[in-house]
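Atoms within a ligand are numbered from 1 in the order they appear, just like the ligands themselves.
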Amino acid sequence: MKGPEGVWAVVLAAGSGRRAGRAKQFARAGGHSLLFHACRPFLPFVEGLVVVLPPGGIAARRGREEELRSAGWKPTLRVVEGGATRHASCRAGLAALQASCRWVLVHDAARPFVSVGLVTRVLEAAAAHGAAVPAIGVKDAVLEVEDPGKAAGSPRARRYLDRPILRAVQTPQGFSKKVLEEAFAAAGDDDAPDEGSVVLAAGFPVHLVEGEESNWKITTAAELERAAQRLEEGSA
Ligand code: CTP
Ligand code: MG
């Protein structure tokens with residue numbers, strides 16, 4: 001095992017994939033589910049892995065669990081049921097951590113291209129600073145709109161944001177378990193963009209590490225197709 005002792009990963013896979021039109025994390029490519037691809041780079045670092053799956057469907061859940069267990073992975077594997085929001089799913093995952101856990105890496109199953117290098121850097125920064133989040137610069141101009149909820153027509157532009165001060169945030173995000181638990185205890189039940197935001201809102205500093213462009217998140221059906229092609233090529 002590399003790096004600090006007592007590392008656990010929480011992999012969030014309880015979403016319904018509304019924008020992709022299917023639960024994208026269970027699509028198969030390169031002989032495995034995307035969930036499997038998203039978990040694998042954590043294995044060298046972790047004592048245990050908590051996988052958060054959608055509620056219900058015991059048979060489907062068994063199948064997912066089987067795939068992960070059949071890989072002969074050494075870390076302890078715990079499978080738990082998620083909630084209606086990403087935040088609730090993460091809370092369910094944290095509740096399943098073992099007492100020996102000191103460091104937590106939280107990752108989206110929708111990011112199957114996470115590299116061992118990025119996991120290493122996030123974990124090192126988390127161990128040094130208590131909370132670490134990967135982020136990359138924003139290439140497009142970004143603006144704020146007047147009424148994002150408007151059903152018909154395009155919303156009106158309100159103002160452009162200052163691109164050099166913006167970052168696009170990724171997972172995995174790394175935390176001392178103590179910091180993450182304190183932040184979650186202070187947080188309400190509203191959804192949050194990610195764990196870094198919860199930790200920041202609780203008043204803890206969040207250290208940034210350089211993310212990777214290759215570590216993009218699958219959101220749409222077209223992106224799912226592109227990801228599947230990549231994974232097929234990678235396994236050929
Ligand atoms: N997630 C989760 N529990 C939820 C919602 C999301 O565990 N209630 C997970 C997803 O499975 C995904 C990650 O959080 O791995 C990032 O979420 P997102 O990309 O938004 O996935 P979905 O919520 O499934 O997609 P959508 O928002 O389009 O429905
Ligand atoms: Mg979502």
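The distance criterion of under 3.5 Å between nitrogen or oxygen atoms is met by A109 with respect to ligand 1. For ligand 1, the polar-atom distance check against S89 finds a nitrogen or oxygen pair separated by under 3.5 Å. Remark: ligand 1 and G17 share an N or O pair separated by less than 3.5 Å (distance only, no angle test).
Atom numbering of ligand 1 starts at 1 in the shown order; those under 4.0 Å from a heavy atom of A84 are 8 (N). Heavy-atom contacts of T85 reach the following atoms of ligand 1: 3 (N), 4 (C), 8 (N) (cutoff under 4.0 Å).
The nearest protein atom to atom 12 (C) of ligand 1, hydrogens excluded, is given as L12 O, 3.8 Å; this is a heavy-atom distance. Taking atom 7 (O) of ligand 1 as the reference point, the nearest protein heavy-atom neighbour is A14 N, 2.9 Å. Ranking the protein heavy atoms by distance from atom 13 (C) of ligand 1 puts D108 OD1, 3.4 Å first. Among protein heavy atoms, atom 20 (O) of ligand 1 sits closest to R19 NH2, 3.0 Å. Shortest contact from atom 19 (O) of ligand 1 to any protein heavy atom: K217 NZ, 2.7 Å. Of all protein heavy atoms, the one lying nearest to atom 29 (O) of ligand 1 is R18 N, 2.7 Å. From the protein, the heavy atom lying nearest to atom 18 (P) of ligand 1 is K24 NZ, 3.6 Å. Nearest non-hydrogen protein atom to atom 6 (C) of ligand 1 is G15 CA, 3.5 Å.
Remark: atom 27 (O) of ligand 1 lies closer than 4.0 Å to at least one protein heavy atom.
For the residue pair W8 and E47, a side-chain donor N or O sits within less than 3.5 Å of a side-chain acceptor on the partner. When only modelled atom types and interatomic distance are considered, S176 and K178 share no side-chain donor-acceptor pair under 3.5 Å.
With G21, G83, C90, A88 as candidates, the residue nearest to atom 8 (N) of ligand 1 on a non-hydrogen basis is G83.
Two residues are said to be in side-chain contact when any heavy atoms from C-beta on lie closer than 4.5 Å; V114 and P172 meet this criterion. Proximity of L180 to L94: side-chain heavy atoms (C-beta onward) are separated by under 4.5 Å at one or more points. Under the 4.5 Å side-chain criterion, counting only non-hydrogen atoms from C-beta, C101 is in contact with K177.
Atom CD of E146 sits in a crowded spot, with more than 12 heavy atoms from other residues, nucleotides or ligands closer than 6.0 Å. Dense packing is recorded around CZ of R158, with more than 12 heavy atoms of other residues, nucleotides or ligands lying under 6.0 Å away. Annotation: E225, atom CD; neighbour count of heavy atoms from other residues, nucleotides and ligands within 6.0 Å does not exceed 12.
With a 4.0 Å heavy-atom cut-off, ligand 1 is reached by no atom of R111.
Contact analysis leaves V52 out of contact with ligand 1, as no non-hydrogen atom separation drops below 4.0 angstrom.
For the pair R40 and W73, the cation does not sit on the ring face, since its NZ or CZ is not both under 6.0 Å from the ring centre and inside 45° of the axis. Under a cutoff of 6.0 Å and an axis angle of 45°, R230 and F113 form a cation-pi pair.
With sequence neighbours excluded, no residue forms a side-chain hydrogen bond (donor to acceptor under 3.5 Å, both in side chains) with W103.
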